[in-house]
Amino acid sequence: MTATVAQGVHASGDTVVLLHSLGTDQSLWDAQAVALADAGYRVLTPESRGHGGNADPGPTNLGDWIADLHEVVTATNDPVHLAGLSMGGVQALAYTLTHPEEVRSLVLADTFAALDATSAETKIDGIRAAVTAHGMTAYARTYLDETLTVALDADRRDRLRASIAGVSAAAYLSSAEVCFRATLADRLGEVRAPTLVLVGGDDHKTPLPLSETLHRGIAGSRLTTVPGAGHLANLEAPEAFTDALLGFLAEQSTHTAVGRGPRRPC
Ligand SMILES: O=C(O)CCC(=O)CC(=O)O
């Protein structure tokens, strides 16, 4: 994974690692990275294999993602707050189960621990057929039409479309296979990190029942619905999503988080 630090203000607080979804890149987190940096966190937004600036051909199993993330986290020399959306949430959960001592807190947004096997294979078959027959440029348009429930501004929508179109079909498919075939539901009881489960109220890609399963399985977890948002809840309702994230992290942080307000220079 390539890792970049959000343009730095207050970079001395706890580290928050934000993991993007299938087809997107670190810019998925632009709004939250700025808000978290303003609140005093050090923010890392690594890019998954085959996504954004990460030229790797794609993962072969969950272990690849865990190993990549281990490099990012160990370089911080400190446990991190780990947040992931959809595919990023699967990565965050798998990482927490493997390296629990490195995770201060966990945020699982619009994601799942396991899909039922039939719907996982149906999703994978659909992606394989679409990206093979029509390529990623066409797939990116379909993705936006099927995923967004809120009209993004034209520039944001274009950047999202370009990030998806920029992923190779092979990397998209291998990432989807690893993500959708994850079977972590039986291990939710092992999670000890304080956990926030967030889901867009109109997320029909990873709908509420999947988040309810996470919430039920992870002792002491909190479930928050983001009203008026779909699958990319942090883009579709950035204020509400960011407020929920900041509020949760403030309770878990070892530094005193700075409140929302104008950015201060380093
Ligand atoms: O590619 C799709 O149609 C859905 C992607 C998905 O649900 C996983 C993700 O957003 O990470």
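Model, not experiment: these values are computed from the prediction. Start at 1 and go down the list; that is how both ligands and their atoms are numbered.
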Checklist outcome for this item: Between His231 and the options Asp110, Thr147, Thr206, the side chain to side chain donor-acceptor pair (under 3.5 Å) test singles out Thr206
Item to check | Distance-only N or O hit between ligand 1 and Lys205, under 3.5 Å | outcome: yes
Checklist entry - Looking at ligand 1, does any of its N/O atoms fall within less than 3.5 Å of an N/O of Met87? => result yes
Checklist entry - What protein heavy atom is closest to atom 7 (O) of ligand 1, reported as residue, atom name and distance in Å? => result His231 NE2, 3.6 Å
Item to check | salt bridge (charged side-chain N to carboxylate O under 4.0 Å, His left out) contacts touching residues 15-32 (sequence neighbours left out) | outcome: Asp30-Arg159
Checklist entry - So, Gln252 and Ser105: side-chain donor and acceptor under 3.5 Å apart, yes or no? => result no
Checklist entry - Is there any salt bridge (charged side-chain N to carboxylate O under 4.0 Å, His left out) pair reaching into residues 128-147, and which pairs are they, with sequence neighbours excluded? => result Asp125-Arg128, Arg128-Glu177, Asp145-Arg157, Glu146-Lys205
Item to check | Atoms of ligand 1, numbered as shown, that sit under 4.0 Å from any heavy atom of Tyr139 | outcome: 1 (O), 2 (C), 3 (O)
Next on the checklist: Is a donor from one side chain sitting under 3.5 angstrom from an acceptor on the other, for Ser119 and Thr122?
Outcome noted: no
Next on the checklist: So, regarding Tyr172 and ligand 1 (criterion: nitrogen or oxygen to nitrogen or oxygen, under 3.5 Å), is there a contact or not?
Outcome noted: yes
Checklist entry - Just checking, any donor-acceptor pair under 3.5 angstrom between side chains of His51 and Tyr172? => result no
Checklist entry - Which atoms from ligand 1 have a heavy atom of Leu22 less than 4.0 Å away? => result 1 (O), 5 (C), 8 (C), 9 (C), 10 (O), 11 (O)
Item to check | Contacting atoms of ligand 1, where contact means under 4.0 angstrom from a heavy atom of Ser86 | outcome: 6 (C), 7 (O), 8 (C), 9 (C), 10 (O), 11 (O)
Checklist entry - At a 4.0 Å threshold, what atoms of ligand 1 neighbour a non-hydrogen atom of Ile127? => result 1 (O)
